[in-house]
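What follows is one structure encoded as structure tokens, with my remarks underneath.
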Amino acid sequence: MPEVIVLGSGTSSGVPVLGVTYPPSFLANPKNHRTRPSILIQGPTGNLLVDCAPDMRTQLLREKIDMVDAVIITHSHADHIMGMDDLRSFCLRSQADMQIFTLPQYAADIRRIFSYAFEDFPPGIEVPRFALNELGAVPVKLELCGLTVKVMLVWHGKWPVLALRVNNFAYVTDVKTIPTESWEMLQGLDTLILDAVRLKPHPNHLHFEEALEVAKQLGAKQTYFNHLSHDFDHDVTNHELPENIQLSFDGQRILI
């Protein structure tokens, strides 16, 4: 059975945030230590990575993941792509370009930011190599790592973001608005991971109260909030939430 690993449950700054002083009781709970947002889906024939957070190397080492076979980039904000250089190890191991799936505008950003991944070098110089697969028509079904991945579009303020569904699991990161077509694709879920960035309203993300309402309307059997700031003390917040809506945490594993 495929399994989802929550590599990172935090927002763009991670938790704890640099320069912020926290109560010792907050820091004592490992689930309040959140790296930047990403998941990995272990499929029948390989590992599918969704986003490459700046913490990707540490995340994959922590979870003892020694190979990534394909990557979906939901959008090109720094907390979702700045770990891409560390894909070089997997390219060297497989002796093949890493298959990357994203929207055309984000493929252009990747070419610009990681331009060296597309340049020629003399033998002995090791760089990551990316095969960019541009998803011009969304929604779309992809067959990756033995999984059927239904890719859909949501809106992160003015930015389109890829969301995905595998079996009855869905991952919706960085979202403020879910279009009708995607809303329909998110019905009948067993498990949903959903953006809920902070307590106060945010112009580009669902905040806590909005996420609660979306979760109740979508009606997944189990919803986990993700992309979390330090507003949330894990155990305290979960105690206040219904059992079918909880916070995710780094290292969480979900069978799908």
Side-chain angles (χ1 to χ4, degrees), residues 2-22 24 26-43 46-94 98-102 106 109-110 113-114 116-117 126-130 145 161-162 164 171 173-174 193 195-198 205 224-235 246-254:
E3 185 173 45
V4 172
I5 304 173
V6 177
L7 297 177
S9 60
T11 189
S12 58
S13 57
V15 181
V17 177
L18 290 171
V20 176
T21 301
Y22 295 87
F26 182 90
L27 296 177
N29 187 347
K31 292 179 180 176
N32 286 333
H33 293 254
R34 303 176 178 119
T35 57
R36 269 65 72 92
S38 175
I39 63 169
L40 182 129
I41 307 176
Q42 296 183 306
N47 291 327
L48 172 61
L49 180 64
V50 183
D51 289 331
C52 297
D55 313 291
M56 186 185 84
R57 175 181 171 275
T58 302
Q59 292 168 339
L60 295 178
L61 287 171
R62 182 193 73 211
E63 300 302 326
K64 298 179 172 55
I65 302 299
D66 61 5
M67 191 62 194
V68 168
D69 300 283
V71 179
I72 293 174
I73 296 294
T74 63
H75 62 300
S76 61
H77 287 174
D79 51 328
H80 295 262
I81 67 166
M82 295 311 290
M84 290 187 72
D85 182 81
D86 286 324
L87 294 172
R88 73 171 69 194
S89 301
F90 306 123
C91 298
L92 291 169
R93 180 177 171 184
S94 67
M98 182 61 67
Q99 297 296 316
I100 310 286
F101 298 82
T102 193
Y106 301 140
D109 289 339
I110 292 167
I113 295 166
F114 299 99
Y116 57 89
E126 299 173 347
V127 297
R129 293 297 187 189
F130 305 145
C145 303
V161 167
L162 298 179
L164 59 93
Y171 182 66
T173 186
D174 291 60
I193 293 180
D195 181 13
V197 68
R198 67 189 189 191
H205 291 264
Y224 294 107
F225 289 158
N226 197 276
H227 211 294
L228 302 169
S229 74
H230 57 194
D231 285 0
F232 305 100
D233 188 323
H234 185 90
D235 290 347
Q246 297 278 284
L247 303 184
S248 66
F249 57 91
D250 286 28
Q252 183 178 20
R253 291 177 178 247
I254 305 164

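Everything numeric here is computed off the predicted structure, so don't read it as measured data.
Across all non-hydrogen atoms, the minimal contact from Gly251 to Glu63 is CA-OE2, 3.3 Å. Pairing each heavy atom of Ile81 with each of Phe114, the nearest pair is O-CZ, 3.5 Å. Of all non-hydrogen atoms in Met98 and Val68, the two that sit nearest each other are CE-O, 3.2 Å. Between Ala28 and Pro30 the shortest heavy-atom distance is O-CD, 3.3 Å. Smallest separation of non-hydrogen atoms from Phe232 and Val197: CE1-O, 3.6 Å. In terms of heavy-atom proximity, Leu247 sits nearest to Tyr224 at O-CD2, 4.0 Å.
The distance from atom CD1 of Ile113 to atom CE of Met82, rounded to the nearest 0.5 Å, is 6.0 Å. For the atom pair CD1 (Ile39) and OG (Ser9), the distance works out to 12.5 Å, reported to the nearest 0.5 Å. Note: Thr21 OG1 to Phe26 CZ = 12.5 Å, rounded to the nearest 0.5 Å. We find the OG1-OH distance between Thr74 and Tyr171 to be 7.0 Å, quoted to the nearest 0.5 Å. Once rounded to the nearest 0.5 Å, the distance linking CZ of Phe130 with CE of Met84 reads 4.0 Å. Annotation: the span from Asp195 atom CG to His227 atom NE2 amounts to 6.0 Å, rounded to 0.5 Å.
The closest side-chain heavy-atom distance from Leu60 to Asp86 is not below 4.5 Å. Here the side chains of Leu40 and Gln59 are not in contact, with every heavy-atom distance at 4.5 Å or above. At least one side-chain heavy atom of Pro16 sits under 4.5 Å from a side-chain heavy atom of Leu27. Taking the side chain as every heavy atom from C-beta outward, Leu18 and Ser13 never approach each other to under 4.5 Å. Between Met67 and Ser94 there is a side-chain heavy-atom pair separated by less than 4.5 Å. In this structure the side chain of His80 never reaches within 4.5 angstrom of the side chain of Tyr106, judged on heavy atoms. Side chains of Ile72 and Leu164 form a contact here, defined as non-hydrogen atoms less than 4.5 Å apart. Side chains of Ile65 and Gln42 form a contact here, defined as non-hydrogen atoms less than 4.5 Å apart.
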Inset, instruction - Begin with the C-alpha distance, continue with both residues' side-chain angles, and end with the deciding distance and a verdict on side-chain contact (heavy atoms from CB on, under 4.5 Å) for Leu7 and Leu49. - result: CA-CA 9 Å; Leu7 297 177; Leu49 180 64; 3.5 Å; yes
Inset, instruction - Please report the C-alpha distance between Cys52 and Ile73 in whole Å, then the side-chain angles of each, then the deciding distance to 0.1 Å, and finally whether the side-chain contact (heavy atoms from CB on, under 4.5 Å) criterion is met. - result: CA-CA 7 Å; Cys52 297; Ile73 296 294; 4.2 Å; yes
Inset, instruction - Any chance you could lay out the side-chain contact (heavy atoms from CB on, under 4.5 Å) test for Val17 and Tyr22, step after step, and finish with the verdict? - result: CA-CA 9 Å; Val17 177; Tyr22 295 87; 3.4 Å; yes
Legend entry - side-chain contact (heavy atoms from CB on, under 4.5 Å) between Thr58 and Thr35, intermediate numbers included: CA-CA 9 Å; Thr58 302; Thr35 57; 5.8 Å; no
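Other residues, nucleotides and ligands contribute more than 12 heavy atoms inside 6.0 Å of the CZ atom of Arg129.
Checked by atom type and distance alone, the side chain of Arg36 pairs as donor or acceptor with a backbone atom of Ser12 at under 3.5 Å. For Asn226 (side chain) and Ser248 (main-chain N/O), no donor-acceptor pair under 3.5 Å exists by modelled atom type. Looking at Ser38, its side chain does come within 3.5 Å of a backbone N or O of Asp51 through a donor-acceptor pair. Between the side chain of Arg34 and the backbone N or O of Ser229, at least one donor-acceptor pair lies under 3.5 Å. In terms of modelled atom types and a separation under 3.5 Å, the side chain of Asn29 and the main chain of Asp233 share no donor-acceptor contact.
Remark: Asp69 engages no residue in a salt bridge (charged side-chain N to carboxylate O under 4.0 Å, His left out) (not counting sequence neighbours). Considering only residues two or more places apart in sequence or on other chains, Asp250 meets the salt bridge (charged side-chain N to carboxylate O under 4.0 Å, His left out) condition with Arg62.
A side-chain N or O of His75 and one of Asp174 form a donor-acceptor pair less than 3.5 Å apart. Side chain to side chain, Asp85 and Tyr116 meet the donor-acceptor criterion of an N or O pair below 3.5 Å. Between the side chains of Asp109 and Ser76, a donor-acceptor pair is found at a separation under 3.5 Å.
Using a 4.0 Å cut-off between charged side-chain N and carboxylate O, Arg93 and Asp66 make a salt bridge.
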